[in-house]
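Residue numbering restarts at 1 for every chain, and letters A, B, ... go by the order of the sequence lines.
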Number of protein chains: 2
Amino acid sequence: MKKRSARGTITRESVADAALAIADRDGFDSVTIRAVAAEIGATPMALYTYFPDKDALYEGMRGRVLERVSATNISRRTWQSVLEGVARGVHRVMGEHPHWTPLLAHDSGLPPSGLAFIDGLWAVMLKEGFAIEDVLRAYGSVMSFAIGSVLFERIMMGTEGDVIAKRLALLKELVGRAPGQYGSLATVAAKVDRWRWDDVFELGIRSLLAGIETQCAPSARHARRRPRTHRVRS
Amino acid sequence: MKKRSARGTITRESVADAALAIADRDGFDSVTIRAVAAEIGATPMALYTYFPDKDALYEGMRGRVLERVSATNISRRTWQSVLEGVARGVHRVMGEHPHWTPLLAHDSGLPPSGLAFIDGLWAVMLKEGFAIEDVLRAYGSVMSFAIGSVLFERIMMGTEGDVIAKRLALLKELVGRAPGQYGSLATVAAKVDRWRWDDVFELGIRSLLAGIETQCAPSARHARRRPRTHRVRS
DNA sequence: ACCTGAACACCGTTCAAGT
DNA sequence: ACCTGAACACCGTTCAAGT
């Protein structure tokens, strides 16, 4: 909808940012090639100079999001501050831009800037004495939770922040069926408007850091060789 | 592609199952109204008798998936077995059907059967003495992790199980840039083919259950009134 | 190389009509 | 109520053409 931009002013970043702006404003499904082109004052096909297809555009968007996450200035002093920092960064950025969350669930690759970002985090963990396989194990569990908490909140609450509307719809759903049948749900749902979703995140991140500490983090005190229990599951 | 089904034989379940079968076989993006209709031998518009729109179809699919999760027979004896059981169920079902994972990230509602399922889990937690707000806090953190671990694995490894191909692509990516720059990434990536993703899940679920135990679970020994630390964040 | 305009093969969904 | 067939307003992407 903007005026035609001068030739040569388009960049991968400006395209990705335009796409993110549309997602913010109109929802993720409104991010179409045509809409993004209109946003920067170009023709749909002009974008194909910068991104070979729509998955590549998603990848570019994800790169820009990760730059925002890293801009929350994660301390690299300890492995705890690294893991907590990146989790908190994901949680904060996605809390501010709920329409961006589908990017986290779309398996269309990580841009080079994302690789560099991860490399920096893993370097700290290795330097702190993490075993190589524990780096991915610990990073994976924390990132899984960070991503999942954002998506789970979106699934439960929707994207519009209409908590009350959702709760009422839920209760109406319950009343419509056999009364008393969904007693536990109703009991908890009645508390939902007083609910702070951040508490879910806090409980999870605290538990995970503690668990990593005891299960795979290197102790600076005594330089033991990662005492992992070998487990057998049926 | 099947033969025309007799009039009146279509059900919500058969439509949802056909959609899940297509996702399994051809990928999630191949689940189109037209493809599902063809799968059950009907016309595209025939589905609209059972689902008002595509989001409703997703909701129906999610309901069928949750039935599978609950079919993993979750023990309801303790709150630990409930939370671990549902997390393990999600992890197992989605491990067997990676193409279904986008359903977990799509915020288009939970079907009534899903509500009943959650109600049953929460009933156990309440009966075990959980405070009302702790029910959602604990359930939320565990489910967030379960969902996130599935999606994170899919993001990192792709959906085809082509672990080696992915790793090679990653390493090639690294070599292409300044050598030695992505040292940490390369060090860890070199171990990836020996990697068991289940270890990420095990570390997370263990940590979360332990954290819930200390931070909000009721102790059967001494019936204290949930000793939560009151925290203030900047 | 960058960008345009027309066209193609899809998609979800509406509508009018049949049983 | 259940189901059909044609049509509409989209979508991502290809192609031939211009600078």
**Report entry** Pairing pattern in dot-bracket form [Watson-Crick, G-U; both distances under 3.5 Å; | = partner strand] for DNA chain D
**Finding:** ||.|||||...|||||.||
Query raised in the report: Going through the checks in order, is the side-chain contact (heavy atoms from CB on, under 4.5 Å) test met by Leu83(B) and Met125(B)?
Result: CA-CA 9 Å; Leu83(B) 289 180; Met125(B) 297 175 72; 4.0 Å; yes
Query raised in the report: For Val93(B), what residues pass the side-chain contact (heavy atoms from CB on, under 4.5 Å) criterion, not counting sequence neighbours?
Result: Val65(B), Arg68(B), Val69(B), His97(B), Trp100(B)
Query - Non-neighbouring partners of Val15(B) that pass side-chain contact (heavy atoms from CB on, under 4.5 Å), sequence neighbours left out - result: Ile10(B), Val36(B), Ile40(B), Leu47(B), Phe51(B), Leu57(B)
Requested in this report: Output yes when at least one side-chain N/O atom of Thr49(B) is less than 4.0 Å from OP1 or OP2 of dC2(D), else no.
Outcome: no
Query raised in the report: Tell me, for nucleotides 12-19 of chain C in 5' to 3' order, what letter each nucleotide earns: B for a base near a protein heavy atom under 4.0 Å, S for only sugar-phosphate near one, - for neither?
Result: BBBB--BB
Query raised in the report: Can you tell me how far CE of Met156(A) sits from CD1 of Ile118(B), rounded to the nearest 0.5 angstrom?
Result: 5.5 Å
Query raised in the report: Residues two or more places apart in sequence or in another chain: which of them pass ring pair (Phe, Tyr, Trp, His ring centres under 6.0 Å) with Tyr139(A)?
Result: Trp122(A)
Query raised in the report: Using a cut-off of 4.0 Å on non-hydrogen atoms, how would the nucleic acid contact of Phe51(B) be classed: base, sugar-phosphate, or nothing?
Result: nothing
Query - Spacing of Ile10(B) atom CD1 relative to dA1(D) atom P, expressed in whole Å - result: 16 Å
Requested in this report: Report the distance from atom CG of Leu47(A) to atom P of dC11(D), rounded to the nearest whole Å.
Outcome: 13 Å
Requested in this report: Just do the ring pair (Phe, Tyr, Trp, His ring centres under 6.0 Å) check on His91(B) and Phe201(B) with the steps written out, would you?
Outcome: CA-CA 8 Å; His91(B) 188 248; Phe201(B) 180 81; 4.0 Å; yes
Requested in this report: Would you mind checking if Asp107(B) and Arg154(A) are paired as a salt bridge, meaning a charged N to carboxylate O distance below 4.0 Å?
Outcome: yes
Query - side chain to side chain donor-acceptor pair (under 3.5 Å) against Asp17(A), all qualifying residues, sequence neighbours excluded - result: Arg64(A)
